[in-house]
S.K.: 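Here it is, the structure in full.
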Protein chains: 2
Amino acid sequence: MVISPTEENYLKAIYHLQALSEVVSTTHLAQKLQTKPASVTDMMKKLQAKNLLHYTPYHGFSLSAEGRKTALHIVRRHRLWEYFLAEKLSFEWNEVHEVAEELEHIGNKKLIEKLDAYLGFPQFDPHGDPIPDSRGRMQQPELVPLSTAPIAFTGVLQLVTDQSKDLLEHLASRKLRIGTRLELRSRSAFDGSVDIKMGSKTLTLTRQLANHLLLKQI
Amino acid sequence: MVISPTEENYLKAIYHLQALSEVVSTTHLAQKLQTKPASVTDMMKKLQAKNLLHYTPYHGFSLSAEGRKTALHIVRRHRLWEYFLAEKLSFEWNEVHEVAEELEHIGNKKLIEKLDAYLGFPQFDPHGDPIPDSRGRMQQPELVPLSTAPIAFTGVLQLVTDQSKDLLEHLASRKLRIGTRLELRSRSAFDGSVDIKMGSKTLTLTRQLANHLLLKQI
DNA sequence: ATAAAAATTTAGATTAGCCTAAAAATTAAC
DNA sequence: GTTAATTTTTAGGCTAATCTAAATTTTTAT
Ligand SMILES: [Mn+2]
Ligand SMILES: [Mn+2]
Ligand SMILES: [Mn+2]
Ligand SMILES: [Mn+2]
């Protein structure tokens with residue numbers, strides 16, 4: 001079956017929104033894709049006709065098994081390219097998403113399998129998100145938000161859940177990267193901000209930021 | 001100015017056809033792009049409106065200075081990706097074109113400059129075609145077609161001018177690649193076929209094939 | 001339980017890129 | 001140089017993806 005780049009973007013967006021709630025609404029998706037609800041409705045009819053979607057008018061939609069499988073392929077391509085851009089072309093981690101957003105639509109199967117092998121079958125992209133394998137399976141390590149970890153917790157930064165430019169630049173300026181080892185020293189009872197130790201340095205992060213930083217225990 | 005992937009394909013095709021004759025006809029371009037003359041006319045009007053083309057109805061078209069510059073950028077991207085696919089992902093040289101045909105449309109400037117640097121600023125793609133630099137300039141070594149080279153001529157295969165799947169597979173099966181060193185031993189007065197020495201082996205190539213093999217003297 | 005507000009769908013247009021068939025212009029043949 | 005063949009353009013339509021405005025349905029508030 002032929003799936004256009006636009007349809008791919010829709011499927012991927014639904015996949016991501018389903019992490020928040022199993023069934024997705026028209027407005028929510030329109031907002032995510034920077035488009036209008038009327039356009040979403042049109043596309044939902046098309047994707048349903050292709051059996052990629054379960055759709056009940058006025059009551060939202062969710063991916064079918066096949067739609068989910070397709071979405072995972074796109075996520076795989078996106079994250080492999082992000083890894084390539086960061087690792088091989090030395091892009092900053094806040095620049096990779098935009099370029100990968102285009103590269104992900106090149107569907108040649110051999111290309112992706114060879115790219116994966118060339119990169120050494122990476123498990124995580126530069127933001128710490130897991131990369132699905134060719135069958136759509138991926139690692140899901142136990143992660144603890146820095147905002148709720150117990151005092152003295154030691155781990156490595158594994159995943160950043162808000163990947164906005166602002167947040168990524170904030171982290172970059174403090175040399176906090178995926179894989180950075182850190183220890184939680186204290187949490188303010190006043191505002192929830194946390195002090196962490198990172199190598200020999202100590203720094204303070206707001207609760208709002210700490211909430212988006214997920215750690216893997218070591 | 002925004003240029004769509006389709007417009008890019010048209011510009012690149014015109015650029016290539018202009019190597020044969022300065023001014024290009026509607027049918028010729030339609031044939032090259034596997035489309036209909038009526039579609040070409042539509043697009044020519046659009047490209048002329050964007051000042052990428054000189055176009056006189058019924059009398060053909062040629063790229064403007066800006067159109068040529070744009071075409072060279074696309075050729076650059078195409079050939080850099082071909083080099084990447086062959087060199088880094090170990091694609092066969094007859095497989096790279098199709099994938100590069102899609103990758104070339106990803107216009108992010110930083111991507112191409114970083115890719116170029118990562119690849120070590122290659123001068124030639126896997127078919128021996130020169131890769132334009134970021135200002136559109138490229139090497140144009142003196143090349144001699146094997147079909148007309150003098151007996152005893154020694155050189156390396158530098159460029160293959162017919163890049164059809166059939167020809168590339170024919171060469172691959174004989175282990176003839178870009179960079180292969182060979183010597184012209186004799187040319188048949190009967191059918192123009194040539195005998196060449198390649199390492200310790202000798203093989204015969206038809207005139208038709210030899211005509212597409214361009215050598216650089218060494 | 002009704003009315004108001006919000007969300008969603010439908011209706012009707014628009015644009016890019018393509019097509020077929022018909023009309024017009026150019027080129028080739030006699 | 002007129003006619004026939006070929007090439008090119010124009011006219012009119014189609015599909016994918018988008019939009020705005022209007023109609024419909026669902027949800028929320030009284
Ligand atoms: Mn995308
Ligand atoms: Mn990512
Ligand atoms: Mn292309
Ligand atoms: Mn090439």
S.K.: Of the listed nucleotides (dT9(D), dT27(D), dT24(D)), which one gets closest to any side-chain atom of Tyr55(B)?
M.R.: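 It is dT9(D).
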S.K.: Classify the side-chain pair Glu82(B)/His127(B) by whether it contains a donor and acceptor separated by less than 3.5 Å.
M.R.: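 Checked: Glu82(B)/His127(B) side chains pair up, N/O donor to acceptor below 3.5 Å.
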S.K.: Does Lys88(B) make a cation-pi contact with Tyr118(B), if we ask for NZ or CZ under 6.0 Å from the ring centre and within 45° of the axis?
M.R.: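 Lys88(B) over Tyr118(B) ring: yes.
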S.K.: Return the value, rounded to whole Å, for the distance between atom NZ of Lys50(B) and atom C1' of dT15(C).
M.R.: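 Rounding to the nearest Å, NZ of Lys50(B) and C1' of dT15(C) are 12 Å apart.
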S.K.: Does a side-chain N or O of Ser4(B) approach OP1 or OP2 of dA16(C) to a distance below 4.0 Å, or not?
M.R.: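 Ser4(B) to dA16(C) OP1/OP2: no side-chain N or O under 4.0 Å.
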S.K.: Kindly give the heavy-atom pair with the smallest separation between Tyr83(A) and Pro126(A), and that separation in Å.
M.R.: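 So the two residues come closest at N-CD, 3.8 Å.
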S.K.: Figure out the NE2/P separation between His28(B) and dT6(D), and round it to whole Å.
M.R.: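 Going from His28(B) (NE2) to dT6(D) (P), I get 18 Å.
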S.K.: Using the side chain to side chain donor-acceptor pair (under 3.5 Å) rule, pick out the option among Glu8(B), His97(B), His73(B) that qualifies with His78(B).
M.R.: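 It is His97(B), the one option of Glu8(B), His97(B), His73(B) that forms the side chain to side chain donor-acceptor pair (under 3.5 Å) with His78(B).
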S.K.: Just how far, in rounded Å, is C1' of dT6(D) from NE2 of His59(B)?
M.R.: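 So the two atoms are 14 Å apart, to the nearest Å.
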S.K.: Give one of base, sugar-phosphate or nothing for Phe61(B), where a contact means two heavy atoms less than 4.0 Å apart.
M.R.: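 The answer is nothing, as Phe61(B) stays clear of every strand by at least 4.0 Å.
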S.K.: Can you check whether Lys45(A) has a side-chain N or O nearer than 4.0 Å to OP1 or OP2 of dT10(C)?
M.R.: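 So the side-chain polar atoms of Lys45(A) do come within 4.0 Å of the phosphate oxygens OP1 or OP2 of dT10(C), strictly under.
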S.K.: Out of the candidates Leu80(B), Ile74(B), Leu72(B), only one should pair with Arg76(B) under the side chain to side chain contact (heavy atoms under 4.5 Å, CB included) rule; please name it.
M.R.: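 Going through the options one by one, the only one that passes is Leu80(B).
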S.K.: Between residues 7-14 of chain B and DNA chain D, which residues have a heavy-atom gap below 4.0 Å?
M.R.: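 Heavy-atom contacts with DNA chain D come from no residue of residues 7-14 of chain B; none.
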S.K.: Tell me if the CD atom of Glu169(B) is crowded by more than 12 foreign heavy atoms within 6.0 Å.
M.R.: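 Atom CD in Glu169(B) is packed in, count exceeds 12.
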S.K.: So, using side-chain contact (heavy atoms from CB on, under 4.5 Å) as the criterion, who are the partners of Lys114(A) when residues are at least two apart?
M.R.: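 Partners of Lys114(A) under the side-chain contact (heavy atoms from CB on, under 4.5 Å) test: Lys110(A), Leu89(B), Ser90(B), Phe91(B).
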S.K.: Hey, is the side chain of Ser25(B) poking within less than 4.0 Å of OP1 or OP2 on dT7(D), counting only N and O atoms?
M.R.: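 For dT7(D), OP1/OP2 do not have a side-chain N/O of Ser25(B) under 4.0 Å.
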S.K.: Answer yes or no: does atom CD of Glu113(B) have more than 12 heavy-atom neighbours from other residues, nucleotides or ligands under 6.0 Å?
M.R.: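 Buried by this count: over 12 neighbours within 6.0 Å.
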S.K.: Nearest heavy-atom pair of Ile178(B) and Leu159(B): which atoms, and what distance?
M.R.: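 Reported closest heavy-atom pair: CD1-N, 4.0 Å.
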S.K.: Please state how far atom OH in Tyr58(A) lies from atom C1' in dA6(C), giving the value in whole angstrom units.
M.R.: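 The answer, rounded to whole Å, is 12 Å.
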S.K.: Enumerate the residues from residues 33-43 of chain B whose closest heavy atom to DNA chain D is under 4.0 Å, giving them by residue number; use none for an empty result.
M.R.: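 Listed by number, they are Pro37(B), Ala38(B), Thr41(B).
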